[in-house]
Engineer: 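Pasting a structure below so you can have a look.
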Amino acid sequence: MNKIDHKEVPGCFLHCINADCPMAEHCLRQIAMQALPKDAIGVSIVNPQRITPSENCEFYRTDEPQVYARGFVKMKQEMLPRQYNEFMYRLIGKFGRTGYFERRRGERLCSPKEIAEVEATLKDLGLEHLEFDAYEKHYNWYD
């Protein structure tokens with residue numbers, strides 16, 4: 001039985017054809033391959049010559065759902081104007097202006113990597129007690 005619906009898999013996601021790998025049971029790349037519908041015409045795969053079936057596979061992607069964050073409007077309300085300006089300008093430098101505001105409003109989720117960047121910025125400003133508006137668990141297809 002498949003753990004995922006192949007419709008969840010991003011279009012550019014690399015699948016793995018090595019079902020004999022010891023990590024295959026918990027690797028999103030192999031799980032996506034197993035969930036591939038028969039009517040699919042083509043799919044992107046990891047170059048089989050680059051795959052080393054082992055616990056240290058460089059292409060392994062865990063099937064464990066990761067924590068994503070949605071929005072940081074509450075953070076803004078807890079900051080002084082000068083703190084918020086510094087916070088905003090630093091993160092605009094990382095995410096771009098549109099990306100920053102989409103993440104702040106919660107229209108775009110913050111990935112685990114992006115959560116770490118926001119938290120590092122908060123720590124630099126002495127505001128590590130602040131939290132995102134909401135948290136969700138999803139498969140990590142990208143980081």
Engineer: Can any side-chain N or O of E8 pair as donor or acceptor with the backbone N or O of D5 at less than 3.5 Å?
Structural biologist: yes
Engineer: Sequence neighbours left out, what pairs pass salt bridge (Lys or Arg N to Asp or Glu O under 4.0 Å) with at least one residue falling in residues 18-39?
Structural biologist: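 Passing the test, one end in residues 18-39: no pairs.
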Engineer: Can you list everything that forms a salt bridge (Lys or Arg N to Asp or Glu O under 4.0 Å) with E114? Sequence neighbours excluded, please.
Structural biologist: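 Only R103 meet the salt bridge (Lys or Arg N to Asp or Glu O under 4.0 Å) criterion with E114.
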Engineer: Supply the members, apart from V46, of the Ile/Leu/Val/Met/Phe/Trp/Tyr cluster built from side-chain contacts under 4.5 Å; use none for a lone residue.
Structural biologist: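 Other cluster members: L14, I51, F59.
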Engineer: Going by the salt bridge (Lys or Arg N to Asp or Glu O under 4.0 Å) test, which pairs reach into residues 46-60, not counting sequence neighbours?
Structural biologist: R50-E58
Engineer: Can you list everything that forms a side-chain contact (heavy atoms from CB on, under 4.5 Å) with Y135? Sequence neighbours excluded, please.
Structural biologist: V67, A69, E131, F132
Engineer: Short question: side chain of Q83, backbone of L80 - any donor-acceptor pair under 3.5 Å?
Structural biologist: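 Answer holds: yes.
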Engineer: CD1/I31 to OG1/T62 distance, rounded to the nearest 0.5 angstrom?
Structural biologist: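 Taking CD1 in I31 and OG1 in T62, the distance rounds to 8.0 Å.
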Engineer: With sequence neighbours left out, what residues match E117 under salt bridge (Lys or Arg N to Asp or Glu O under 4.0 Å)?
Structural biologist: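 Counting only residues at least two positions away or on another chain, E117 forms no salt bridge (Lys or Arg N to Asp or Glu O under 4.0 Å).
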Engineer: Which other residues belong to the hydrophobic cluster containing L109, where Ile, Leu, Val, Met, Phe, Trp and Tyr are joined when side-chain heavy atoms lie under 4.5 Å apart, directly or via other members?
Structural biologist: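 Besides L109, the hydrophobic cluster comprises Y68, listed by chain and residue number.
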Engineer: CZ of R105: more than 12 outside heavy atoms within 6.0 angstrom?
Structural biologist: yes
Engineer: Checking H138 against Q66 for the side chain to side chain contact (heavy atoms under 4.5 Å, CB included) test, could you report, in this order, the C-alpha distance in whole Å, the side-chain angles of both residues, the deciding distance, and whether it holds?
Structural biologist: CA-CA 5 Å; H138 297 280; Q66 305 292 306; over 6 Å; no
Engineer: Check side-chain contact (heavy atoms from CB on, under 4.5 Å) between T98 and all other residues, then give those that pass, not counting sequence neighbours.
Structural biologist: E102
Engineer: Using the rule that Ile, Leu, Val, Met, Phe, Trp and Tyr join whenever any side-chain heavy atoms are under 4.5 Å apart, tell me whether L125 and M79 fall into a single cluster.
Structural biologist: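 Cluster IDs for L125 and M79 match.
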Engineer: Are any of the side-chain heavy atoms of I4 and V9 separated by less than 4.5 Å?
Structural biologist: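 The answer is yes; the side chains approach within 4.5 Å.
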Engineer: Tell me, which pairs form a salt bridge (Lys or Arg N to Asp or Glu O under 4.0 Å) where one or both residues lie in residues 59-72, sequence neighbours left out?
Structural biologist: K3-D63, R70-E136
Engineer: Judged by atom type as modelled, is there a donor-acceptor pair below 3.5 Å linking the side chain of D133 to the main-chain atoms of K74?
Structural biologist: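 Indeed, once roles are kept as given, a pair shorter than 3.5 Å links the two residues.
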Engineer: Can you pull out every ring-ring contact (aromatic ring centres under 6.0 Å, His included) where at least one residue sits in residues 90-117? Sequence neighbours excluded, please.
Structural biologist: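 Pairs touching residues 90-117 that pass the test: F72-Y100.
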Engineer: Would you list the pairs meeting ring-ring contact (aromatic ring centres under 6.0 Å, His included) in which at least one residue belongs to residues 6-26, sequence neighbours left out?
Structural biologist: H6-H15, F13-W141
Engineer: Write out all pairs satisfying salt bridge (Lys or Arg N to Asp or Glu O under 4.0 Å) with one or both partners inside residues 79-91, taking only residues at least two apart or from two chains.
Structural biologist: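 Sorted pair list: E86-R90, R90-D124.
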